[in-house]
2 protein chains.
Amino acid sequence: MHISQKLAQARAEGKPTFSFEFFPPKTAQGVQNLYDRMDRMHGLGPLFIDITWGAGGRHSQLTCEMVKVAQAVYGLETCMHLTCTDMEKTKLDDALKEAYNAGCTNILALRGDPPREREKWEATAGGFRYAKDLVKYIRDRYGNHFDIGVAGYSEGCEDNGDVDLLIDHLKEKVDAGATFIVTQMFYDTDLFLEWVRKVRAKGIDIPIIPGIMPIHTYAAFMRRANWTKCHIPEHWMKALEPVKNDDVAVREVGKDLVVDMCRKLIDAGILHLHFYTMNLAQATRMVLEDLDIVPDLESPLERPLPWRPSLALNRRDENVRPIFWRNRKASYVARTQDWDEFPNGRWGDARSPAFGELDAYGVGLKGTNEQNIKLWGAPTSIKDISDLFVRYMSKQLDSLPWSEQPIDKEAELIQQELIDLNKRGFLTINSQPAVNGAKSSDLVFGWGPRNGYVYQKAYLEVFVSPEHIAELITRIERDPDLTYYAVNKDGDLKTNSPDGPNAVTWGVFPGKEIVQPTIVETVSFLAWKDEFYRLGQDWANCHSSVSPSRYVIEDLMDTWYLVNIVHNDFMVTHGIFQLFDGLQVEDMEKPMHTTGTPNGDAHANGTTEKTVELNGSNGEKTKIEVASDALKSAASALTNGLNGLKVSN
Amino acid sequence: MHISQKLAQARAEGKPTFSFEFFPPKTAQGVQNLYDRMDRMHGLGPLFIDITWGAGGRHSQLTCEMVKVAQAVYGLETCMHLTCTDMEKTKLDDALKEAYNAGCTNILALRGDPPREREKWEATAGGFRYAKDLVKYIRDRYGNHFDIGVAGYSEGCEDNGDVDLLIDHLKEKVDAGATFIVTQMFYDTDLFLEWVRKVRAKGIDIPIIPGIMPIHTYAAFMRRANWTKCHIPEHWMKALEPVKNDDVAVREVGKDLVVDMCRKLIDAGILHLHFYTMNLAQATRMVLEDLDIVPDLESPLERPLPWRPSLALNRRDENVRPIFWRNRKASYVARTQDWDEFPNGRWGDARSPAFGELDAYGVGLKGTNEQNIKLWGAPTSIKDISDLFVRYMSKQLDSLPWSEQPIDKEAELIQQELIDLNKRGFLTINSQPAVNGAKSSDLVFGWGPRNGYVYQKAYLEVFVSPEHIAELITRIERDPDLTYYAVNKDGDLKTNSPDGPNAVTWGVFPGKEIVQPTIVETVSFLAWKDEFYRLGQDWANCHSSVSPSRYVIEDLMDTWYLVNIVHNDFMVTHGIFQLFDGLQVEDMEKPMHTTGTPNGDAHANGTTEKTVELNGSNGEKTKIEVASDALKSAASALTNGLNGLKVSN
């Protein structure tokens, strides 16, 4: 959606809005951290974000990539900066093409920062000299596809202090086709508002977006003021100077100053504020919270679907996803990025999606070993792992190897049941409660257009110890309302589900076909299974190969079962948890340790090892290492209905 | 589905079943009448029907066509007879191909009736001599696609009285690949059961289906008995002979005899009965009702969808249709027969279906002018037409020009409201009540698999007089839960619906995506609109061009509006009817008559004629003849939002 259109809409509703600017970080880890931050800051409700163009074009490829990821993976409406003087035309073309494919519809067209040497600017051979040339070029090539922003210099720019002349240039850029203006940072609101009056007097009537620089530290504040030569009002200096050595006080005082400035702007009818975040969240968040203009994100108007849709061009119609990646959307997008088309309206029968490999960017476990050990500790028993899950479900922990974000409001509704299950050694990976026709405006469950109703089937994905898998499956199969899939690391699958996808979230809206954005389905579950066990192994690998933690995690991965259960009668709530009545993993506190064989082949508990041969329906034999009688019985539960079962010592 | 599979299933459930045989009638009107009868007799619940092969191949093309229509249009599981001795191989190939494409999976492979001359049978050049050759040929060409039945002669056949030799032939046919046996008609159950024992003793273990000939008249009974030379038990003659001149008594006595015979067969474990209906319903129905084996068709297990699905090969996956053709399924199938694929799972966005022309077979009004005048009379006022609709809604009339069948159980639930609307001059064309999650086993609304829930949005399609259209639209647009389309004969469309289809029937089932079999949508509504006004014109044309009836019907068609309304809040019942509170067509009893201009251009009520020019959004001007101020105001209601409106005298 065009920024100017979003601004017009917000203006019509008379509500102040804001946006965030980020720049490409220097390291890969920095990029990943920034993605996480952008995703979290989306929670503050920016109208859009922008990504600056790598200065001098050096990081231009990274800018393109970040725009793509922000749009496609995180579903953030993104404006791409683009500078022209340092760019060959073919590179500009490539960048515009990439932005176009990413579903990006907003470009901030800039001349480019002056080089340190302060020489006179020259266009790159075959490139452009002025931003207005770039604006015209984009308009010629892409018509109205892109909303095009240009820079406004309310206090002059580095190589030109003549504000009036710069307004003439601005007029030329607008005449060339620009549709909004973003200004350089400033601290003096009066100067800014005076400049706006002059701009308007020149007949420029497109939206003007003031650039706001929150104050992070005194040093950075002064450096930037010097660099941009913008005027610092006297009372700012008076307020900041006395606390300049106290970072916390600087941020607090700076916040008040910036908030004052923003209030003045809003009072003057400047309803949109653009924050130069410097890739940091805190200072900006403090300003926004003080201004009290963070929109009510509980409003389902902000949620077209239960999950945040991708904005990539080729995924524009996508509105169905498997539930399994609910807490790992980046991985889902990465593993499906090569699909020719994306499910919309329904998952479909004929679709046999080939999910991408586990080594694609964004799929493996994030963070360094040290970071992960710090996060999740060094478990030496099932109890330790169970405690970790209980802490996560209790909101004392923000992530698990299989969940990149804290539990959400939905999970809170069944939080006690989830905590209870985890305490008993049933590790819950994913879940949703049943919903029988909540209004689409419902604060917790609502999504989609107004005057609709949304529904959910209760869902639980749980990691089950071999000692209980047989009993659990027996109990599930007794209830005709339940469908399930159970699988182990080797991919031995047992299910009672009919062929084809099971819609577990859907919505009914005025004048529309039924929207069914979340499904459970075989092929995707097997792809998720691979990822699930791989993430477990990644976690194990954070620990030394001879450590008890490595051993206990690997042992779980090798012997436990990933089970998903759908309660198909969505009019019944809490129908799944009863399945686990009276079940409890034994000896959870017993420390598990390697027997000394470093390759991890050994098994705990000293039971006789056995091999179960499963005669699969395809005639091939699969050998499963069986560590205990419990596992044996589990494996034989899994082979029910297969051709034969032979147990050998 | 294969007949042998259906038989096995019914046998497993231990319930007696039956099937009906029809033959190709001689006239086109006869064919249409038979289709209607086959459709109605489907209501008795036959396991399948079969269509005989035109004797000597003369009507073979009609057989193929009837199989196709029965499968594709009426969704009847059909077995095609096919005889070989009088057929060239290429013709056989054509017939098999047609059956295949019709989704037909059952063939009764026959040698062919002997010619009257009683010469020795000879194969047609390049054809086959024996039925077993045909069985083998079909198996070779189509593998197991077709279930193949063969004839059994329990009392010998016309050119061969040696029952034991015929059993040897039967064995050869079974060895060649036949999978079920249908016997010639007989009256002597003991002879038949003895023959079955002999057949079984030969090692033939495929299902044996006895052919039962109900008794229609004494003459026909005797003629057939003579012709087939089958034995008539003495007590049959004793019972029938005394009443032979009383057709009613013959049917009654004959019914008892046939019922006795059927009971004996069922008691002997012969659970499936095949009725030679002779294209008549009554005698067969009497037998079935007396036997009390008509299955409970209220059971939703018999209803995979709210409408009866087509069995044609290319429509196999079709499970979405517009609601407009609810009472005209043959026309819908005819107008969509050339589609490359059929909507399944959802109607879809991209689909821009080209509906077939109105002159295709099965689309126009059925019946002769005389028949239709007898049915629907000769209306001379709106009141007369309103009365007709009231009679239809009161179940005193089985059809209307727009509805080929009586109102169904659903409509009964809102019957009083519908009658009331029609009495006030709002002619209701189609409707369904709202349903908020009825069990899929619900006797009235249920469809689809067990343990599911079905939903409906309330729907009303109504023909509205020009005097009320503006007020009605104003009222509709006041309620955010209502979406509508209003159109006149010229296709001037007004709607408040969002783009794309509106699902008005859907079901939620265990382990499945949402099924949404009925939708409301623009393109289809405009195609239905053409058909609706065409049917009205067809009805008008039943009357002489200078008759008052021709005039009054044409006037309605020229000036009234077809409106469909969906109440999108399916949790609210009866939300649509309030729209009409206090509205009533004036002067309904006033006789309308032509002013004498035979071309039908004149208009009633003597008001000044005016012309409204609608400046359509495409820039073209459409002229609508306006007969009254009421229509003028209606037309201007329709042009709301268009570019301009100019009224000239």
Side-chain angles (χ1 to χ4, degrees), chain A residues 316-317 319-320 341 343-351 436-440 449-453 455-457 479-485 495-522 565-572, chain B residues 317 319-320 341 343-351 434 436-440 449-453 455-457 479-485 495-522 565-572:
Chain A
R316 191 177 278 173
D317 294 330
N319 63 10
V320 190
E341 47 176 343
N344 58 87
R346 60 193 295 237
W347 186 261
D349 304 325
R351 174 167 298 274
N436 179 19
K439 289 252 180 200
S440 59
R450 284 167 193 275
N451 293 320
Y453 294 99
Y455 293 82
Q456 294 183 179
K457 291 179 180 176
D479 186 339
D481 281 327
L482 298 177
T483 47
Y484 76 97
Y485 292 85
T495 177
N496 68 345
S497 296
D499 269 352
N502 186 358
V504 292
T505 310
W506 65 101
V508 186
F509 306 101
K512 297 210 171 295
E513 284 189 283
I514 314 300
V515 187
Q516 33 190 330
T518 322
I519 55 115
V520 164
E521 183 263 350
T522 316
I565 309 167
V566 176
H567 196 297
N568 288 283
D569 191 339
F570 51 93
M571 301 196 181
V572 172
Chain B
D317 294 330
N319 63 9
V320 190
E341 49 176 343
N344 59 86
R346 62 192 293 236
W347 185 260
D349 305 324
R351 173 169 298 273
N436 179 19
K439 289 252 181 201
S440 59
R450 285 168 194 276
N451 293 322
Y453 294 99
Y455 293 82
Q456 295 183 179
K457 291 179 180 176
D479 185 340
D481 281 327
L482 298 176
T483 47
Y484 76 98
Y485 291 84
T495 178
N496 69 346
S497 295
D499 270 353
N502 187 357
V504 292
T505 310
W506 65 100
V508 185
F509 305 102
K512 298 211 170 293
E513 282 189 283
I514 314 300
V515 187
Q516 33 189 331
T518 323
I519 56 115
V520 164
E521 183 263 352
T522 317
I565 309 166
V566 176
H567 197 298
N568 288 282
D569 191 338
F570 51 94
M571 302 197 179
V572 172

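No experiment lies behind these values; they were computed from the predicted model shown. In the text below, chain A, chain B and the rest are named by the order of the sequence lines, each starting its count at 1. In what follows, every heavy atom counts, from backbone to side chain, and hydrogens, waters and symmetry copies are set aside.
When every heavy atom of B:Pro498 is checked against every heavy atom of A:Gly511, the shortest pair comes out as CG-O, 3.7 Å. Across all their heavy atoms, A:Lys512 and B:Lys457 have their closest contact at O-NZ, 4.1 Å.
Annotation: ring-ring contact (aromatic ring centres under 6.0 Å, His included) contacts of B:Tyr484 (sequence neighbours excluded): none.
Not a single donor-acceptor pair under 3.5 Å links the side chain of A:Glu513 to the backbone N or O of B:Arg346.
Taking the side chain as every heavy atom from C-beta outward, A:Asn451 and B:Asp569 never approach each other to under 4.5 Å. Taking 4.5 Å as the limit, every side-chain heavy atom of B:Val508 sits out of range of all side-chain heavy atoms of A:Tyr455.
Note on B:Gly345, B:Ser497, B:Gly452: by heavy-atom pairs under 4.5 Å with chain A, the leading option is B:Gly345. Your options are A:Asn436, A:Val520, A:Val566, A:Asn502, and the one with the most heavy-atom pairs under 4.5 Å with chain B is A:Asn502.
Relative ring orientation between A:Phe570 and B:Tyr453 is described as perpendicular, the plane-to-plane angle rising above 60° on a 0-90° scale split at 30° and 60°.
Contacts of A:Asn496 with chain B are absent, with no heavy-atom separation under 4.5 Å from either backbone or side chain. Heavy atoms closer than 4.5 Å to chain B are found in both the backbone and the side chain of A:Ile514.
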